[in-house]
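Reading through the structure tokens given below for one structure.
Chain letters run A, B, ... following the sequence lines, proteins first and then strands; every chain starts at 1.
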Number of protein chains: 2
Amino acid sequence: MAHVSKGTVSRVINGIPGVGDDTRRRVMKLIESLDFHPNASARGLAARKTNTMGFVIPHTGKYTLTSTFWPMFLTVVTQEAAARGINVLLSTARAEDDVDSAFRTILRGRRIDGAIIGAEQFGDKQLAELLLKSLPFVMMGRSAKISSYYVDVDNALGARIASEHLVAKGHSRIAILAGPDWLPYVDDRIRGARDVLREHGLPDPVVVHCSYDTAEAVRCVQGILLSRPAVSAIFVAAGDLVVGTLKACADMGLNVPHDISVVSFDDHPFFAHLSPGITAVAQPIEELGAAAVQMLVELMAGREPERRAMIIAPHLVERGSCAAPRDRENTPR
Amino acid sequence: MAHVSKGTVSRVINGIPGVGDDTRRRVMKLIESLDFHPNASARGLAARKTNTMGFVIPHTGKYTLTSTFWPMFLTVVTQEAAARGINVLLSTARAEDDVDSAFRTILRGRRIDGAIIGAEQFGDKQLAELLLKSLPFVMMGRSAKISSYYVDVDNALGARIASEHLVAKGHSRIAILAGPDWLPYVDDRIRGARDVLREHGLPDPVVVHCSYDTAEAVRCVQGILLSRPAVSAIFVAAGDLVVGTLKACADMGLNVPHDISVVSFDDHPFFAHLSPGITAVAQPIEELGAAAVQMLVELMAGREPERRAMIIAPHLVERGSCAAPRDRENTPR
DNA sequence: TGACTGTCTGTAACCGCTTACTGGGTATAT
DNA sequence: ATATACCCAGTAAGCGGTTACAGACAGTCA
């Protein structure tokens, strides 16, 4: 120490009271001019906290960060975290095995103070351990397997909004291209859409489940388009399936929105620039990210968040992919 | 310790020789059954290494992870790192300010042992500091401002491949939609394309620089399409500009590839599913990621990498967006 | 003026590991 | 049998902070 003592320096760095104003100023200046930065490991050891949070997302396809949701969510989370001075450790574990090794090492090694986790990521085993070790974490999305703190978009509401939009345009035969059927939110979205149709006295939608693989989406949509009675609109219940849907329509010579309308659950920057622009139910990504980080921060500070779940409403972004229906019954190809 | 000593345990955990086989086995078993995981901070403190690397990328637009390159690259890097037991700390700093605060804290706080950095990310100041503190790092992409270890795709070659493809199809009037002109690789790509045209005795390409914003890309391409003599093909020198390009073409009623051909530098999963599929020069993302991590690992281990730069060749993925030219001179709109 | 109180700063004991160094055994050489 | 060497395992000194506790000093109050 240039002038004074040691423990004191620690106090000023951490903004702990009980330090004279002049002393504080002096030390601050020294720190500044020496460009001193405390060693993270040492602080972590002594204070038992690393100021780092983990971010764990499910991997979809070859490149896990290629979805229409996670990359943007990650961006927001990173930013929110940075604003609070906390770092983000990224984990894109693939197999269960990886989760069980890499992730455990991170957790048990106290490399992070908490985590934000994609709800679909874990079976009960890992989550049980998380809870066991009482590592604070919040899930993105509700999990069917475990009850914990989480943030989520109002999936049912989003589906309702999309469906109402379709119904308002005059559609009555609607298909839903949905994600894997074991995901809670997929169910919620289907239910929301079905409810709307029933309320309007319309027939239940055709529901096709599909993995988040574009090629498979194409096949699924082909199936939908070939089905009879023909549907006049498709509610694509996940942004990752949009491109595949458009592809299938184009391949069949169907014009969107002329021959068939498309609404997406999930928005993405480039949706605005496709032709036509894709009408979408946009997830409130900023809010979701902020809420997740906020909640996690509370948890890490040992406080109890106000609510166990933050459900945020999505909103419709109307572009050009929905129009009034047109009879396609007699124009197979 | 259940049976034996302490420093010994450390030795077996770190696989340091000088430990009897039986002892080693015994300790291992104990560790296993106790589900013991050493504390990362403590190890970091004592060993002066954190087994964590930083990943710093430039932010483009609102969501920094929305580009056609970085998300996939990040995925690969994360995976490669995980395979070597090292963690990835993500930083998506926005302004220079952030870089100067958050990043310094991370670096100087020895929170990471090394980093992979987007070359365009830094002005000389930060890089100078990095070098100063001798924090091992490798850049993704060559930087005009600093000489350091880096991996990069062969930009000129990629541009040549794209151009040769166009020329082979019969195009002679070609436009290049390129990124910001202060980026070294943008220059390389333009140069590569121009060289090919010259070699074939064709006129120099029309070059338009553009930020990585889709709306701006649309405007730029409109300008290109309106220019006379009309071009018959556009070499989109960055994947992020593809959607905007297609949008502009569609808006003008131009069919791709019938009225105008499009090649992209950068491939992306969904390019295959657009109509038509986008013919693209695909960056060898796997190799780039692997090379970057490999290089960084060498550096972190205090070894000297074989080469100062790893330049990897891209390859053409031919799909449907390029066709033989057709005279568009008399069909303005 | 002496006792009491409150504020500010120094002291030192960890935090949980790594690692250089020391020392006890056993095997090999003399 | 004694000396030399080698292989293991134990010992303890940090690594660079945090923090409970103690102590010094100045101000208050009677």
Is any side-chain N or O of A:Asn14 closer than 4.0 Å to OP1 or OP2 of D:dT18? yes
What's the CG-C1' distance between A:Asn39 and D:dG16, to the nearest Å? 6 Å
Report yes if the side chains of B:Met53 and B:Val77 come closer than 4.5 Å at any heavy-atom pair, otherwise no. yes
Value in whole Å for how far the C1' atom of D:dG16 lies from CZ of B:Arg111: 14 Å
Send over the distance from A:Asp22 CG to C:dT7 P, rounded to a whole Å. 16 Å
Figure out the CZ/P separation between A:Arg11 and C:dT7, and round it to whole Å. 15 Å
Suppose the criterion is side-chain hydrogen bond (donor to acceptor under 3.5 Å, both in side chains): which pairs have a residue in residues 290-305 of chain A, not counting sequence neighbours? A:Arg84-A:Gln294, A:Tyr149-A:Glu304, A:Gln294-A:Glu298, A:Glu298-A:Arg303
Does any N or O in the side chain of B:Asp113 come within less than 3.5 Å of the main-chain N or O of B:Asn51, such that one atom is a donor and the other an acceptor? yes
Roughly how far apart are B:Ser41 OG and A:Lys49 NZ, rounded to 0.5 Å? 11.0 Å
Within less than 4.0 Å of OP1 or OP2 of D:dA9, is there a side-chain N or O belonging to B:Thr8? no
Ranking C:dT11, D:dG16, D:dA9 by distance to the side chain of B:Thr23, first place goes to D:dA9
Rounded to whole angstroms, how far apart are CG on B:Asp21 and C1' on D:dC8? 12 Å
Measure the acute angle between the ring planes of A:Phe55 and A:Trp70, then classify it against the limits of 30° and 60° as parallel, tilted or perpendicular. perpendicular
Can you figure out which of D:dG17, C:dC17, C:dT19 approaches the side chain of A:Arg43 most closely? D:dG17
Provide, to the nearest angstrom, the distance between the NZ atom belonging to A:Lys49 and the C1' atom belonging to C:dG16. 18 Å
Could you state the atom-to-atom distance from CZ of A:Arg25 to P of C:dT9 in whole Å? 12 Å
Interface polar pairs with nucleotides 12-15 of chain C, N/O, under 3.5 angstrom:
unit_1, atom_1, unit_2, atom_2, d
C:dC15, O3', A:Arg48, NH2, 3.3
C:dC15, O2, A:Ala46, N, 3.3

Closest to the A:Phe36 side chain, choosing from C:dA20, D:dG17, D:dT19: D:dG17
About how many Å separate CD1 of B:Ile112 and CG of B:Leu135, when rounded to the nearest 0.5 Å? 5.0 Å
Within a reach of under 6.0 Å around CZ of B:Arg308, are more than 12 heavy atoms found that belong to other residues, nucleotides or ligands? yes
Provide, to the nearest angstrom, the distance between the CD1 atom belonging to A:Ile16 and the C1' atom belonging to D:dT19. 8 Å
